[in-house]
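Labels below follow one simple rule: chain letters A, B, ... track the order of the sequence lines, proteins then strands, and each chain is numbered from 1. The figures that follow rest on heavy atoms only: side chains count, while hydrogens, waters and symmetry mates do not.
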Amino acid sequence: MTDFLAVIVGDFYARMLVLLLSATQWTIYLSLTAFVGGGLIGLAMTLLRIAPVKWARLFSAAYIWTFQSVPLLMLLFLIGLGMPAFFKVNVPPWAAATTALTLFTSAYMSEVWRGAIQSVPAGQWEAGRVLGLTFAQSLRYVVSPQAIKIAIPPTVGFMVQIIKGTSLAYIIDFNDLMRWGKKIGNSQLDGAEPFVVFPIVAAIYFLLCYPLTVLSRRLERRSGGEKLMVAAKGVNVGG
Amino acid sequence: MNFWDCGVDLDGKSGKICVDIRGMSKWFGSFRVLNNIDIAVSAGEKVVICGPSGSGKSTLIRCMNSLEQFQSGSVTVCGVALEQDGTNAAVQRRVGMVFQQFNLFPHLTVLENCTLALRLVLKLNADEAEARAREYLSRVRILEQANKYPADISGGQQQRVAIARALAMEPELMLFDEPTSALDPEVVHEVLETMTDLAATGMTMICVTHEMGFARQIADRVVFMDEGAILEVAPPPEFFGSPQNERCRVFLSRILN
Ligand SMILES: Nc1ncnc2c1ncn2[C@@H]1O[C@H](COP(=O)(O)OP(=O)(O)OP(=O)(O)O)[C@@H](O)[C@H]1O
Ligand SMILES: [Mg+2]
């Protein structure tokens, strides 16, 4: 790949680009791990949040509240720098970065999903109950299919926030796109000045995020259109 | 079936008590919504409940299928004594309910709306469930819409689907909470006709409604509620002809013209 790029942009820039792109891998891995891990924990928290058991709701509310109130950068500091210093344990940057982003993602996702579930009219739960469905059956067959439609656009949209959020992990020496961009920018080599490198880094972030933004907007327009259609015909307004 | 054996008389009323509520009260916080309610409904009987907005009609019938909890007195439905402050899934299975807002499941077709609980709750297999759902959809004369989504049919049709969905569970008691108040005036009659047909089958029905023509036609007794209490209970001729309670008289004169 370096050879191929060298033909187009010259040897120096080709090597720089390959370096940046391989660092981008780590940005992608970190984003995916945070998305999947955060999604799973977020799902569990969502279920606890709406469960007909009081302590479960309280626990989940406390969890969401905690990790939503702490800035991501603070989480990274606490886990990546605070924990090693305080408990004298070795926390590798990738472990700290994944943990912080997963916690951050899970709190946000469960809040989005809870909102989606609660936006399904109460009458749907009641209709399930009077037909003899259990809480779990109503959730699974009646409420979730409607909530998922509402939740997909903001969920995809939040992936953009995760990708951008990973750029903060450079602060705890995680070797992602941002950190390599900064390294190269600070290298004092001719042609690798920050004003050259950072626009390239920004462009790579843009290429990662833009398709997701477009997708999220498109999904939003689609589900919005459906909602309008349903409302216009007077189905299930209120409960 | 031989009706001598099952104790059902020709009117479809057996004298068996289906709903028995005694001295029941309910509070929302410190606000007493239902005040010392006493009423018994026999199997096969049709009761219409009316009263001003906020008088507790919905709350009362929601206590009959355990959608709301009560705090004192006793409520027995289909032979099951409900616990104070409890929820009873067994009763919910035996009582059907139709809501003002239909509450059809918008992501499922008309047919799927009817088969969902048949499969999940009654554990029928796909064929049995579909056959039974079709039978009830044709009873409410809407079988031809079976594969449409709720959003694609009219309000009156949606409400009839909701009735079929409840009936398919073959409940012992049907509760209706203002089933026609969310409908355009020109389709109200189609839902009332469906309910009149249902009444003729001997189903026990308790309907909150202000459709007084319907009440006159099908009700065995009409109940007037105000401020959480039952103030008048009488068969339609007495209820409309010579109501004893003053507030009931005022209410009737207001809604009858
Ligand atoms: N969940 C609730 N919490 C607190 N108060 C409630 C709740 N539900 C109903 N109420 C109150 O209880 C009273 C009775 O309500 P209910 O819905 O049973 O009246 P209704 O006779 O059905 O009225 P409508 O004709 O408007 O449907 C009203 O004053 C209402 O504001
Ligand atoms: Mg009401």
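With sequence neighbours excluded, no residue forms a ring-ring contact (aromatic ring centres under 6.0 Å, His included) with A/Trp94. With sequence neighbours excluded, no residue forms a ring-ring contact (aromatic ring centres under 6.0 Å, His included) with B/His107. Listed by chain and number, the residues in a side-chain hydrogen bond (donor to acceptor under 3.5 Å, both in side chains) with A/Arg114 are A/Glu111, A/Gln118 (sequence neighbours excluded).
Counting heavy-atom pairs closer than 4.5 Å to chain A, the top-ranked of the candidates B/Leu116, B/Leu118, B/Asn65 is B/Leu116.
Put simply, the side chain of B/Val121 reaches to within 4.5 Å of the side chain of B/Met169, judged on heavy atoms.
Ion pairing of B/Glu135 with B/Arg139 is absent here, as no side-chain N (NZ or NE/NH1/NH2) approaches a carboxylate O to less than 4.0 Å. Look at B/Glu170 and B/Arg132 and you find a salt bridge, because one of the NZ, NE, NH1 or NH2 atoms lies within 4.0 Å of a carboxylate O, short of that distance. Salt bridge B/Glu190/B/Arg141: absent, no basic N to carboxylate O contact under 4.0 Å.
When the heavy atoms of residues 73-92 of chain B are compared with those of chain A, the residues falling under 4.5 Å are B/Thr87, B/Gln92, listed by number.
When heavy atoms are compared at a cutoff of 4.5 Å, B/Arg165 approaches chain A by way of both its backbone and its side chain.
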